[in-house]
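Below you'll find the structure, written out as structure tokens, and then a few comments.
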Amino acid sequence: MLDLKLIRENPDLIRQKLKARNMSTGTVDSIVQFDVKRREFIGEVEKLKSLRNSVSQEIAKMKKEGSNADEKIADMKKVSDDIKALDDKLAEAENEIDVILRDIPNLADDSVPSGKTSDDNVQFRIWGEKASGDFKYLDHVELGKKLDILDFGVGAKISGSGFPFYKGKGAMLERALINFMLDTHKGNGYTEVFMPFLVNRASMEAAEKVPKFEEDMYRTDPDDLFAIPTAEVPIVNIHRDEIMDAGSFPVKYCGYTACFRREAGSYGKDTKGFLRVHQFNKVELINFCLPEESYVQMEVMLNHACGILEALNIHYRVVNVCTGDMGFAASKQYDIEVWSPAENKWLEASSVSNCTDFQSRRAMIRFKRDKKTEYVHILNGSGLATSRLYVSLIESNQTPEGKIIIPKVLQKYTGFEIIG
RNA sequence: GGAGAGGUGGGUGAGUGGCUCAAACCAACGGUUUGCUAAACCGUCAUAGGGGGUUAACCUCUAUCGAGGGUUCGAAUCCCUCCCUCUCCGCCA
């Protein structure tokens with residue numbers, strides 16, 4: 001969430017940033033108005049509470065001395081009633097502010113290109129070359145079927161469409177990718193963690209996923225637990241409600257989880273095979289750092305994610321995501337896209353975001369410096385999601401006969417060099 | 001799932017209605033003393049929000065003892081609901 005004080009003191013800045021995100025600016029006026037009310041109520045109610053505290057002391061003293069305090073008690077009864085009424089009004093104003101605040105995204109950094117849709121994203125880097133064999137590239141669904149390593153029909157039978165099923169060497173390849181990525185990131189200084197895949201509502205709120213995106217989440221009914229849409233949620237919550245040691249930054253974690261997304265409202269769009277799924281595997285990178293370091297850390301994280309693709313020799317590009325296409329909590333976002341020779345297009349495989357203090361303010365993750373408490377900056381990046389990476393990998397490394405050559409670095413993880 | 005115990009500041013831990021709007025100790029930080037180390041002594045020791053201020057230091061008020069309600073002039077303390085942790089039993093990978 002944004003800083004209420006920042007909105008109060010710079011409403012024009014916020015309006016301008018909201019416009020850049022194609023959002024209406026009326027919310028700013030509402031917040032400012034409710035904030036004025038809120039502070040009025042606070043002033044009034046605290047004056048009354050102060051009075052009550054001091055008079056209660058007097059009553060205690062009078063009772064001890066044996067004198068009659070009935071009159072003061074009657075007065076204070078009235079004061080207490082007033083306090084209760086004012087507290088209710090205050091809570092109402094605070095709730096109104098919170099409801100609006102939960103709907104306002106992070107402010108875009110000035111280095112973010114302005115634009116409305118993904119078409120306005122700006123290519124930032126491109127690496128490698130398109131697979132250019134002199135034959136027709138089979139797509140991953142055809143390949144998977146031919147080699148008997150992927151069976152989307154079985155996944156659909158077990159769970160529904162969008163739940164991939166891997167088999168034999170296909171399953172081993174998936175496991176190899178995950179292990180390779182984790183080992184590489186450990187080498188980059190990340191602490192490996194393994195964590196719950198179901199989290200409580202408080203954790204989802206701290207990561208700013210709920211209530212805004214509740215429709216996109218799988219939720220268990222009697223326990224109100226959410227299937228995580230990304231490992232970002234449990235990892236960010238490691239330090240929730242904590243004042244972190246200022247000397248410890250950057251604090252870096254990597255971890256594998258399955259990720260679950262309902263993808264409500266996106267039916268019929270890029271639904272083939274792995275292109276859009278409800279469950280996928282991802283190795284996530286999270287970085288807690290000092291505010292002044294977050295944009296530098298972001299470039300470092302981007303390079304860590306790209307390093308995986310380069311080791312696997314996968315053709316990719318990085319785009320600087322525009323204001324209109326950026327994630328809710330991000331102030332800046334790079335998407336990494338991998339090339340699919342069969343689809344003849346780029347597929348998003350990773351997203352590296354600087355969430356600045358947007359999550360840490362909600363999650364109360366802070367550190368101390370010069371006697372002051374400041375909010376930590378939090379970055380997240382996929383390093384990477386396997387599903388679309390898998391598509392690019394098996395498609396790009398296929399032979400004219402429809403076999404798949406395993407990249408050198410993966411061979412010690414798979415235990416084989418070729419599928420087919 | 002059943003039975004019991006318990007949740008107090010960074011940690012230990014006192015506190016069953018009002019000089020406790022949280023004692024004491026430990027840790028941490030600053031200082032004094034000191035050949036060095038250690039010890040001793042003194043001081044600081046929360047978070048959030050409001051108001052004031054030469055808008056920095058600082059002053060002041062309010063809230064916070066797992067969470068939320070309730071009783072009361074007044075709640076860490078009494079009542080209700082929920083959450084979590086620990087121990088034992090049952091079930092189970």
Side-chain angles (χ1 to χ4, degrees), chain A residues 1-10 31-98 100-102 194-206 210 219-226 234 237-249 251 258 288 357-376:
Chain A
M1 71 174 164
L2 290 184
D3 183 6
L4 184 57
K5 228 175 245 170
L6 183 76
I7 299 175
R8 179 193 307 155
E9 287 164 9
N10 306 281
I31 286 209
V32 170
Q33 283 166 17
F34 280 120
D35 182 49
V36 169
K37 272 198 195 167
R38 167 181 161 269
R39 284 184 295 154
E40 278 173 16
F41 292 145
I42 288 173
E44 290 176 45
V45 79
E46 288 193 350
K47 218 188 286 172
L48 291 182
K49 282 179 180 173
S50 182
L51 175 69
R52 182 179 67 184
N53 285 344
S54 58
V55 175
S56 286
Q57 296 267 23
E58 290 173 30
I59 291 171
K61 205 178 283 174
M62 290 169 78
K63 288 212 163 186
K64 205 171 220 175
E65 290 165 355
S67 50
N68 188 312
D70 289 353
E71 198 178 319
K72 281 190 193 292
I73 287 173
D75 288 349
M76 286 309 104
K77 195 174 176 57
K78 170 85 172 64
V79 168
S80 276
D81 288 344
D82 291 347
I83 287 172
K84 201 170 284 180
L86 270 169
D87 265 340
D88 287 347
K89 284 163 96 174
L90 173 61
E92 206 177 302
E94 283 179 337
N95 187 52
E96 294 282 359
I97 290 170
D98 191 56
I100 302 170
L101 228 39
R102 284 178 185 280
F194 196 85
M195 63 215 101
F197 291 6
L198 295 179
V199 299
N200 56 34
R201 183 172 288 274
S203 292
M204 289 294 274
E205 286 177 345
V210 146
R219 191 174 69 86
T220 69
D221 190 32
D223 301 307
D224 202 30
L225 292 171
F226 292 83
N237 276 278
I238 293 171
H239 295 292
R240 169 151 55 95
D241 296 322
E242 234 180 69
I243 293 184
M244 296 178 70
D245 177 7
S248 64
F249 299 115
V251 175
F288 298 83
D357 58 2
F358 192 76
Q359 291 173 318
S360 58
R361 185 172 295 107
R362 175 76 67 190
M364 297 292 272
I365 303 173
R366 296 153 295 169
F367 70 100
K368 279 199 180 182
R369 176 157 64 182
D370 301 330
K371 289 187 179 174
K372 283 194 159 179
T373 331
E374 297 181 49
Y375 291 103
V376 168

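Residue-level contact check: I42(A) touches the backbone only, with heavy atoms under 4.0 Å from sugar-phosphate atoms and none from bases. Residue contacts shown for K63(A) include a base, since a base heavy atom lies under 4.0 Å away. Backbone-only contact: K77(A) has heavy atoms under 4.0 Å from sugar-phosphate atoms and none from a base. At the heavy-atom level, K372(A) lies under 4.0 Å from the strands shown only through sugar-phosphate atoms.
Look at R39(A) and you won't find any side-chain N or O under 4.0 angstrom from OP1 or OP2 of G49(B). Look at R366(A) and you won't find any side-chain N or O under 4.0 angstrom from OP1 or OP2 of U47(B). Remark: K49(A) is not in phosphate contact with U64(B), judged by side-chain N or O atoms under 4.0 Å from OP1 or OP2. Of the side-chain N and O atoms in S80(A), one or more sit less than 4.0 angstrom from OP1 or OP2 of G74(B). The phosphate of G74(B) has neither OP1 nor OP2 within less than 4.0 Å of any side-chain N or O from N53(A). Taking only side-chain nitrogens and oxygens, S50(A) never comes nearer than 4.0 Å to OP1 or OP2 of C61(B). Side-chain nitrogen and oxygen atoms of R8(A) include at least one within less than 4.0 Å of the OP1 or OP2 phosphate oxygen of G50(B).
With rounding to the nearest 0.5 Å, the separation of CG in D98(A) from CG in L4(A) is 10.0 Å. Expressed to the nearest 0.5 Å, how far CD1 of I97(A) lies from CD1 of I31(A) amounts to 6.5 Å.
G30(B) and C42(B) make up a base pair, with Watson-Crick or G-U wobble contacts both under 3.5 Å. The pairing partner recorded for C86(B) is G4(B), the criterion being a Watson-Crick or G-U wobble arrangement whose two distances lie under 3.5 angstrom. Pairing for U47(B) goes to A63(B), judged as Watson-Crick or G-U wobble with the two contacts each under 3.5 Å.
Shown here for Y375(A) and R361(A), the closest heavy-atom pair between the two residues is CE2-CA, 3.5 Å.
With hydrogens and angles ignored, no donor-acceptor pair under 3.5 angstrom links the side chain of E46(A) to the base of G51(B).
Per the geometry, CD1 belonging to I243(A) stands 13 Å off C1' belonging to C45(B), to the nearest Å. Between the CD atom of E9(A) and the C1' atom of U55(B) there is a distance of 10 Å, given to the nearest Å.
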